[in-house]
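Report on the structure given below.
Residue numbers begin at 1 in each chain, while the letters A, B, ... track the order of the sequences.
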Number of protein chains: 4
Amino acid sequence: MSPRTRKQFDAIRHTRRLQIMETALKLFALEGYGNCTISRLASQAAISKGLMYNYFDSKEALLESVIEQGLNDIMELIDPDHDGVLTSDELVGFIRKIFSSIRSRQEYWILFITVIMQPKVKTHLKDKPIIHYVEQFSSMMLEYFKKRGFEDPYLELVNFSAMIEGFGVLLMYAYPIFEFPEEMMLKFENRIIDMYT
Amino acid sequence: MSPRTRKQFDAIRHTRRLQIMETALKLFALEGYGNCTISRLASQAAISKGLMYNYFDSKEALLESVIEQGLNDIMELIDPDHDGVLTSDELVGFIRKIFSSIRSRQEYWILFITVIMQPKVKTHLKDKPIIHYVEQFSSMMLEYFKKRGFEDPYLELVNFSAMIEGFGVLLMYAYPIFEFPEEMMLKFENRIIDMYT
Amino acid sequence: MSPRTRKQFDAIRHTRRLQIMETALKLFALEGYGNCTISRLASQAAISKGLMYNYFDSKEALLESVIEQGLNDIMELIDPDHDGVLTSDELVGFIRKIFSSIRSRQEYWILFITVIMQPKVKTHLKDKPIIHYVEQFSSMMLEYFKKRGFEDPYLELVNFSAMIEGFGVLLMYAYPIFEFPEEMMLKFENRIIDMYT
Amino acid sequence: MSPRTRKQFDAIRHTRRLQIMETALKLFALEGYGNCTISRLASQAAISKGLMYNYFDSKEALLESVIEQGLNDIMELIDPDHDGVLTSDELVGFIRKIFSSIRSRQEYWILFITVIMQPKVKTHLKDKPIIHYVEQFSSMMLEYFKKRGFEDPYLELVNFSAMIEGFGVLLMYAYPIFEFPEEMMLKFENRIIDMYT
DNA sequence: CATGAATGAGAATTCATTCAT
DNA sequence: AATGAATGAATTCTCATTCAT
């Protein structure tokens with residue numbers, strides 16, 4: 001009888017928001033941002049077209065939110081609050097964290113990678129703080145390779161990055177045709193750790 | 001002025017076709033297939049919208065042609081006419097061929113990779129002979145790793161693929177921000193060759 | 001705390017109604033009926049969208065009420081209960097009443113004029129008693145001009161109406177940029193009175 | 001067989017543009033900008049919805065063009081290239097020009113006035129050169145009244161403006177119910193001339 | 001072979017209105 | 001009496017495609 005409280009409304013909004021963003025991530029990844037219509041998105045999320053606009057200003061704003069969310073997750077993995085020097089243990093921890101996340105949230109990451117590889121989306125990334133994070137991380141890695149006596153630190157950075165990102169691409173291309181066996185993932189993870197510690 | 005001969009007409013048509021496809025590759029890569037309009041494409045290619053339809057039945061047909069062209073180039077690299085057994089020298093030749101092509105036609109490959117990574121396009125690949133080629137090549141590689149005594153051939157396949165594809169992704173993400181130094185590319189190429197021969 | 005009495009409820013309702021109508025008049029005038037959304041209207045009136053529908057059946061009904069209110073005010077000015085013959089004193093009284101109302105409720109009248117000039121609204125006026133009032137008043141004026149020996153009573157009616165309405169338009173166009181000095185208004189008022197008595 | 005020449009295309013575009021703008025003026029006036037849909041506009045102009053967007057970037061841009069056109073016509077009437085001083089003959093000429101234009105293009109002017117009185121449109125006028133013209137003209141009139149010995153030039157400016165604009169409003173309110181007899185218009189025109197020369 | 005005006009189906013977006021709480 | 005999430009019809013706008021010239 002009495003109207004919902006502010007708190008109740010906030011809870012509703014929060015849930016709905018996530019629900020829409022989840023659907024959007026999936027559809028943007030499977031159909032591509034440009035080929036995915038708001039209509040289909042709404043019906044997949046089991047809401048009306050209009051409601052989407054109650055939560056996001058536009059299709060593009062929805063994309064922004066989805067990206068933002070994923071970038072935050074990535075930044076979480078890269079772990080920002082460092083003193084700028086990477087120890088061997090930290091590198092191991094970092095690699096384990098990445099692969100552990102890939103394993104436990106495989107579908108999420110594949111979808112997200114698929115989304116951010118789209119040209120329209122790449123453009124958006126330019127102004128994001130993620131760029132800063134990545135650069136910071138890269139120089140930490142270079143420093144690490146130098147200190148560990150690797151002959152050509154920059155080559156190692158390329159190699160390291162290529163292996164991680166290449167693995168992502170493999171997953172992405174395999175999906176949704178077949179799944180990588182968990183055991184194989186672990187071996188690959190260990191291979192990288194062995195190479196660099 | 002005598003009328004153009006049949007041969008001349010054919011030459012014009014051929015040139016125009018290539019000109020359109022080149023523009024399409026660039027725009028599909030930079031803006032994404034879904035965000036690229038025929039209008040912009042035509043004006044970029046310096047022809048009229050109508051003329052495009054004189055050369056390609058539809059936007060999708062144009063995409064098909066662009067993909068087809070690129071896949072043929074890739075299949076050329078993978079080298080189809082094999083007896084099914086890969087020698088060490090052949091692998092080296094193969095790797096050198098890939099990297100050489102990347103170096104000499106860097107922009108082309110980046111654009112092409114960007115195009116075929118788009119979800120809409122991935123779908124198209126399902127029915128293409130390229131899939132067959134890739135599978136054939138994969139089993140050749142597995143065979144090779146087995147014969148060369150690698151402990152876990154499948155892991156090596158993943159590693160090998162990840163390195164190559166990951167390198168492509170690095171290039172793609174760097175483009176058009178900065179260019180990889182040629183020297184670094186060569187080192188990476190040698191690193192892969194060293195690992196697997 | 002005892003529950004509110006019926007009377008109190010009615011008072012609240014009445015106040016709220018006026019509050020909504022005032023906001024509506026302002027927004028309909030400033031943004032135009034068609035460009036003014038219920039959402040903005042509600043937030044301007046500091047109530048919820050839903051509540052608006054508790055007081056008015058629809059946006060159009062709200063417009064109706066706003067118009068009705070203004071028309072009543074105008075009819076009040078024109079003074080309906082007449083024997084059909086206008087004396088010189090009555091005309092003076094009438095003109096003074098109009099200008100006095102304009103001066104004391106300048107903003108209100110400007111907003112109202114702005115609203116009823118909108119095409120959508122003009123249509124509504126067709127069926128209103130106001131038309132009847134205006135016609136009645138016009139023939140009274142014609143009669144008056146005839147009796148006072150004006151050469152072309154119809155021309156005078158046009159002239160008289162044009163001056164009054166034209167003044168309204170000037171106000172409307174000036175608003176909200178600058179205000180007419182009160183003194184000037186008085187002079188203009190006297191000019192009309194001088195012309196016609 | 002051969003494609004149309006540039007000139008032919010330009011001619012087509014010019015004609016169509018005018019045709020669309022004419023329809024727009026009528027509909028914006030009769031239904032109001034906000035209540036007039038592109039669909040109805042297109043079908044009234046006997047073109048497809050899409051074509052409108054080939055000629056105007058948006059509904060708002062179309063409105064802009066319509067306004068621009070009308071303002072140019074008005075500025076034509078006000079006659080810009082003056083030395084800043086108004087002679088009695090010039091004033092007569094000016095008044096005659098205005099009324100002559102009203103008589104010969106009555107419907108056009110009514111529609112245009114109806115359009116620019118809409119709140120949404122009033123806003124647009126702020127940045128237009130017309131404002132400058134009107135101000136220039138006003139000061140010329142003030143100067144004129146002063147020189148001719150009118151007691152209160154500013155009052156006369158108000159009176160003069162009110163008569164002209166008020167007449168426009170009368171026309172606008174009468175339309176499309178009944179038409180003013182031409183004879184009456186002439187008398188009113190002469191009345192203004194008599195008053196001020 | 002070449003052009004760009006024209007079409008129309010369909011996509012994004014808006015907003016009056018309803019309704020559970 | 002009061003709230004704002006939810007709806008969906010209507011609206012603006014886009015763009016692949018056609019076609020007269």
Side-chain angles (χ1 to χ4, degrees), chain A residues 1-6 8-10 12-13 15-16 34-42 46-60 62, chain B residues 4 9 12-13 16 34-43 47-62, chain C residues 4 9 12-13 16 34-43 47-62, chain D residues 1-6 8-13 15-16 34-42 46-62:
Chain A
M1 275 300 189
S2 57
R4 287 190 186 81
T5 64
R6 178 65 198 269
Q8 285 172 307
F9 278 128
D10 282 352
I12 291 176
R13 286 194 75 80
T15 313
R16 271 276 192 265
N35 306 297
C36 163
T37 73
I38 295 288
S39 263
R40 214 167 20 242
L41 202 154
I47 60 168
S48 67
K49 264 185 297 180
L51 193 58
M52 212 238 47
Y53 287 90
N54 194 318
Y55 286 89
F56 301 90
D57 283 345
S58 64
K59 191 185 171 187
E60 189 123 6
L62 172 56
Chain B
R4 280 194 262 267
F9 270 124
I12 291 178
R13 282 197 75 79
R16 273 262 196 273
N35 303 302
C36 164
T37 70
I38 293 287
S39 261
R40 218 173 13 248
L41 204 153
S43 86
I47 57 167
S48 71
K49 265 186 294 182
L51 193 56
M52 214 228 61
Y53 283 88
N54 198 316
Y55 287 92
F56 299 92
D57 284 346
S58 65
K59 190 186 175 187
E60 192 120 6
L62 172 56
Chain C
R4 281 195 260 267
F9 271 125
I12 290 177
R13 282 197 74 80
R16 272 263 197 274
N35 304 300
C36 163
T37 72
I38 293 286
S39 263
R40 213 165 25 240
L41 204 153
S43 86
I47 59 168
S48 71
K49 267 185 294 183
L51 193 55
M52 214 229 62
Y53 283 89
N54 200 316
Y55 287 91
F56 299 92
D57 285 346
S58 65
K59 191 187 175 187
E60 191 121 6
L62 173 56
Chain D
M1 273 301 188
S2 57
R4 288 191 187 82
T5 65
R6 178 66 197 270
Q8 286 173 309
F9 277 129
D10 281 353
I12 292 177
R13 285 193 77 80
T15 312
R16 271 277 193 263
N35 305 298
C36 163
T37 71
I38 295 287
S39 264
R40 214 165 22 242
L41 202 154
I47 57 167
S48 68
K49 263 185 300 179
L51 193 57
M52 214 237 45
Y53 287 92
N54 193 319
Y55 286 90
F56 300 92
D57 283 347
S58 65
K59 190 184 172 188
E60 191 123 3
L62 172 57

Mapping B:Ser48 and A:Arg4 onto DNA chain E by nearest heavy atom, which one lands closer to the 5' end? B:Ser48
Using whole Å, what does the distance between atom [atom2] of nucleotide [N] and atom [atom1] of [X] come to?
X       : N      : atom1 : atom2 : result
D:Asn54 : E:dG8  : CG    : C1'   : 14 Å
D:Arg6  : E:dA2  : CZ    : C1'   : 15 Å
A:Ile47 : F:dT7  : CD1   : P     : 7 Å
A:Gln8  : E:dC19 : CD    : P     : 20 Å
D:Phe56 : F:dC13 : CZ    : C1'   : 16 Å

How is B:Tyr55 classified with respect to the nucleic acid when contacts are heavy atoms under 4.0 Å: base, sugar-phosphate, or nothing? sugar-phosphate
So do the side chains of A:Arg4 and A:Ile12 get within less than 4.5 Å of each other, counting heavy atoms only? yes
With sequence neighbours excluded, what pairs up with D:Thr5 under the side-chain contact (heavy atoms from CB on, under 4.5 Å) test? D:Lys7, D:Gln8
Using the test side-chain contact (heavy atoms from CB on, under 4.5 Å), find all partners of D:Glu60 that sit at least two apart in sequence or belong to another chain. D:Tyr33, D:Ser58, D:Lys120, D:His124
Taking every non-hydrogen atom, the tightest pair across A:Leu41 and A:Cys36: CD1-SG, 4.0 Å
Nucleotides 13-18 of chain E: protein proximity per nucleotide (B base, S sugar-phosphate only, - neither; heavy atom, under 4.0 Å): BBBSBB
Residue D:Asp10 excluded, over 12 heavy atoms near CG under 6.0 Å: yes
Is any side-chain nitrogen or oxygen of C:Arg16 closer than 4.0 Å to OP1 or OP2 of F:dA1? no
Show the atom names and distances, to 0.1 Å, of all donor-acceptor pairs under 3.5 Å that link a side chain in residues 47-56 of chain C to residues at least two apart or in another chain.
{"unit_1": "C:Ser48", "atom_1": "OG", "unit_2": "C:Leu51", "atom_2": "N", "d": "3.2"}
{"unit_1": "C:Asn54", "atom_1": "OD1", "unit_2": "C:Arg13", "atom_2": "NH1", "d": "3.4"}

For B:Arg40, which residues count as a side-chain hydrogen bond (donor to acceptor under 3.5 Å, both in side chains) partner, sequence neighbours excluded? B:Glu31
Dot-bracket for DNA chain E, 5' to 3', with Watson-Crick and G-U pairs under 3.5 Å, [ ] for crossing pairs and | for other-strand pairs: what is it? .||||||||||||||||||||
